Protein chains: 2
Amino acid sequence: MEEQKDVTIYDIAEKLKLSTSTISRALKDHHSISEKTIKKVKKTAEEMGYRPNTLAASLRSNKTKTIGVLISRINRPFISSLISGIEETAQKAGYNVIITQSHDSYEDEVNMAKALYSSRVSGIICSLAMETRDTSHFKQFIDKNIPLVFVDRVPKRFDTYRVMIDNYSAGYKATKHLIEQGCTRIAHYAGSQFRNIYSERKRGYVDALIEHNLPVDEDLIIHFNTLSYEEGVMRTNKLLDLKNPPDGIFSANDTAAVSAIQCAKKRGLKVPEDVAVIGFNDDPIASIIDPGLSSITHPAVKMGQTSAKKILNHLKKSKKDDLTEITFLNTEVVVRESSKRKKV
Amino acid sequence: MEEQKDVTIYDIAEKLKLSTSTISRALKDHHSISEKTIKKVKKTAEEMGYRPNTLAASLRSNKTKTIGVLISRINRPFISSLISGIEETAQKAGYNVIITQSHDSYEDEVNMAKALYSSRVSGIICSLAMETRDTSHFKQFIDKNIPLVFVDRVPKRFDTYRVMIDNYSAGYKATKHLIEQGCTRIAHYAGSQFRNIYSERKRGYVDALIEHNLPVDEDLIIHFNTLSYEEGVMRTNKLLDLKNPPDGIFSANDTAAVSAIQCAKKRGLKVPEDVAVIGFNDDPIASIIDPGLSSITHPAVKMGQTSAKKILNHLKKSKKDDLTEITFLNTEVVVRESSKRKKV
DNA sequence: TTGTAGGCGTTATCAT
DNA sequence: ATGATAACGCCTACAA
């Protein structure tokens, strides 16, 4: 078993007494090559075990047919579905997908952006790390007219494609739903206010309260670092220890919402009677937990597909036009047991 | 905003009146280049906005520093954690990760294997599609001494790296646990018997019954197509309709186990008193559902890390040696409420 | 319809 | 310590 050399179009050309250009063209069904030659070339290529070298083609054509993806971490339901949507769409168009994780670290994000650039990806799809404030490391892509799509966790100001949901209106809808169920003291589990998906959800929450003449109590707005299960348990216990505890909780993600439910149950409180809960994302756990967790849908797969399509369409156009374009996907309130109260 | 050309080492060489070889070496801290030159080159490269072209380097050196991953679908807890482990390990070693999905289709798997080969990946990690029977499309990698790791869903016979858990012993442990809890009629939710992870789990189940002098009742062995939630509900209802229903269920995954619990609850049965349940994978839902689902751990992240390390180590070795190596990672029974019965 | 030749950006070899 | 040159495999004007 020796290190075998790859068969190249040169080898095929030699064998068939043709030129490499003919081979190259024949393999791509170029119209100027005769049917007969094409057949012959393909057959010989097959027999000789020829495998195209994408690398060489990419170098020559300056097109890699690869989409780079830069996200916090893969193993979260929303993100893995997002990637699934991206990959599926890319695959259909003959594109590869390179995945990199920032682990929510700014430093990693910068490094991965560099690495993706060096790989000469055709386009890049990114959901920002929790830590990231400055986004100048993405300028390199804009400068080279490499299509860049921010998805979900997008920067406030950056002239490029953005694919997201209307977090403000989603936050408003979630809060309004709790109000309609008769809640009057509604707490909010807020994520990092540096990520505007979270600040928008909070803004929707606040406005819903105001428009329904409910007071905004700062004690009921809990700013989480991670929105993790552990943090959720801690914060919920503190919250329920208040003299005047809330009768409703709107959490900016499902993980923290689930922890709130379990925490409340453990303390002997009834959900939704004593405290109604609504989450965000509609993760699989939402329909598994008892009582079922009401939530806001977050169309992950579709966001992935849409992002990939933005890249692919941009690459199709020959002339580049204005790059700023924001796509909003719709969300819905999914009502389950955790928020169904008798109307007051 | 014109299409800007990339700055190359040639541009730097010209500016500094040096040769491209010197630049190339300086950028890699080659020992034969003087400190002074290295500094100067790096500074100029920075100023000119030089970005290395991985593509060209790969073509030249015939090394892509890329690991290809071929799995069924990303958006499943086990798989996304697996990939997370792979990516993390690869990233530390300066490797990229290309992700492809087979969607459990044999045809897609063959195509993706081809695509990964064409990308000249340095190594490939694969978990087989449900459909796959024949694995000859992986021979191309072996022939070219490209390290290939099968993980979790591995083929029965294929001389290469395999990273897996001992499914037989895990199935045995799970069943034994139920027996110890006093179950005497234990059903098994089995996955496709063409994938030996499932046939092994079943074998462990059967042997545990036999060794504990319990009858093996074919009516209690349910062969699933997908082990999905929906199928789980259907099959569980049928099972519980039996004249002589089971008092314990060992499911080959958590999804089906969860559906069994919910189904039983809906029918007024108590878990674990009327029917004890144990799943497989220890997915996040296992600790969320009520009662908590007992399960078998499936060390996804670690399996990913291990697989990536196998690739990286193989690439480090200059001489290739025997390629067959099976790594078994340990599993544990996690006991939660769904299987805790008073001892008989 | 087919062939010729140059180049994509980098690196390894062999020289100086 | 540095330079000249060829080569990696493919594609594409341009020529025939």
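Every value quoted in this text rests on a predicted model; they were computed, and no experiment measured them. A note on names: the letters A, B, ... follow the listed sequences, proteins ahead of strands, and every chain is numbered from 1.
- The separation between Leu55(A) atom CG and dG9(C) atom C1' is 12 Å, rounded to whole Å.
- The separation between Tyr10(B) atom OH and dG7(C) atom P is 10 Å, rounded to whole Å.
- Residue Lys40(B) contributes atom NZ, which lies 12 Å from atom C1' of dA1(D) at whole-angstrom precision.
- In this entry the distance linking CG of Asn53(A) with P of dG9(D) reads 7 Å, nearest Å.
- In the displayed structure, Phe328(A) atom CZ is contacted under 6.0 Å by more than 12 heavy atoms of other residues, nucleotides or ligands.
- Backbone-only engagement by Lys28(A) is indicated by non-hydrogen atom pairs under 4.0 Å involving sugar-phosphate atoms exclusively.
- Taking the ring centre of Phe194(A) as origin, the terminal cationic atom of Arg133(A) falls inside the region bounded by 6.0 Å and 45° from the ring axis.
- Under a 4.0 Å N-O distance rule, the pair Asp29(A)/Lys42(A) qualifies as a salt bridge.
- For the atom pair CD1 of Ile197(A) and CZ of Arg153(A), the computed distance is 6.0 Å after rounding to the nearest 0.5 Å.
- Salt bridge present: Glu47(A) and Lys43(A) bring a charged side-chain N and a carboxylate O closer than 4.0 Å.
- For the pair Leu27(A) CG and dT12(D) C1', the interatomic distance rounds to 15 Å; values are reported in whole Å.
- Remark: P of dG9(D) and OH of Tyr117(B) are 11 Å apart, rounded to the nearest angstrom.
- Rounded to an integer number of Å, the gap from Ile9(B) CD1 to dA4(D) P is 13 Å.
- Direction of the helix axis in the helix from dT1(C)-dA16(D) to dT16(C)-dA1(D) shifts by 30° between the two five-pair termini, rounded to 10°.
- Here the C1' atom of nucleotide dC8(D) and the CG atom of Asp11(A) are 13 Å apart, to the nearest Å.
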Below 3.5 Å is the cut-off: list the nitrogen or oxygen pairs between protein and nucleotides 1-4 of chain C, distance only.
unit_1: dT1(C); atom_1: O5'; unit_2: Ser32(A); atom_2: O; d: 3.2
unit_1: dT2(C); atom_1: OP1; unit_2: Thr37(A); atom_2: OG1; d: 2.9
unit_1: dT2(C); atom_1: OP2; unit_2: Ser34(A); atom_2: N; d: 3.2
unit_1: dT2(C); atom_1: OP2; unit_2: Thr37(A); atom_2: OG1; d: 3.2
unit_1: dG3(C); atom_1: OP2; unit_2: Ser19(A); atom_2: N; d: 2.9
unit_1: dG3(C); atom_1: OP2; unit_2: Ser19(A); atom_2: OG; d: 3.2
unit_1: dG3(C); atom_1: OP2; unit_2: Thr22(A); atom_2: OG1; d: 2.6
unit_1: dG3(C); atom_1: N7; unit_2: Arg25(A); atom_2: NH1; d: 3.3
unit_1: dG3(C); atom_1: O6; unit_2: Arg25(A); atom_2: NH1; d: 3.2
unit_1: dG3(C); atom_1: O6; unit_2: Arg25(A); atom_2: NH2; d: 2.6
unit_1: dT4(C); atom_1: O4; unit_2: Ser21(A); atom_2: OG; d: 3.0

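- Taking the charged nitrogens against the carboxylate oxygens, Asp104(A) and Arg76(A) do have a contact shorter than 4.0 Å, which makes a salt bridge.
- To the nearest 0.5 angstrom, Ile9(B) atom CD1 is 11.5 Å from Leu18(B) atom CG.
- A salt bridge does not link Glu35(A) with Lys39(A): none of the charged nitrogens is closer than 4.0 Å to a carboxylate oxygen.
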Could you please spell out the steps behind the side-chain hydrogen bond (donor to acceptor under 3.5 Å, both in side chains) verdict for Thr100(A) and Gln91(B)?
CA-CA 8 Å; Thr100(A) 57; Gln91(B) 179 173 322; over 6 Å; no

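- As judged by a 4.0 angstrom heavy-atom cut-off over every strand, Asn62(B) is placed among residues making no nucleic acid contact.
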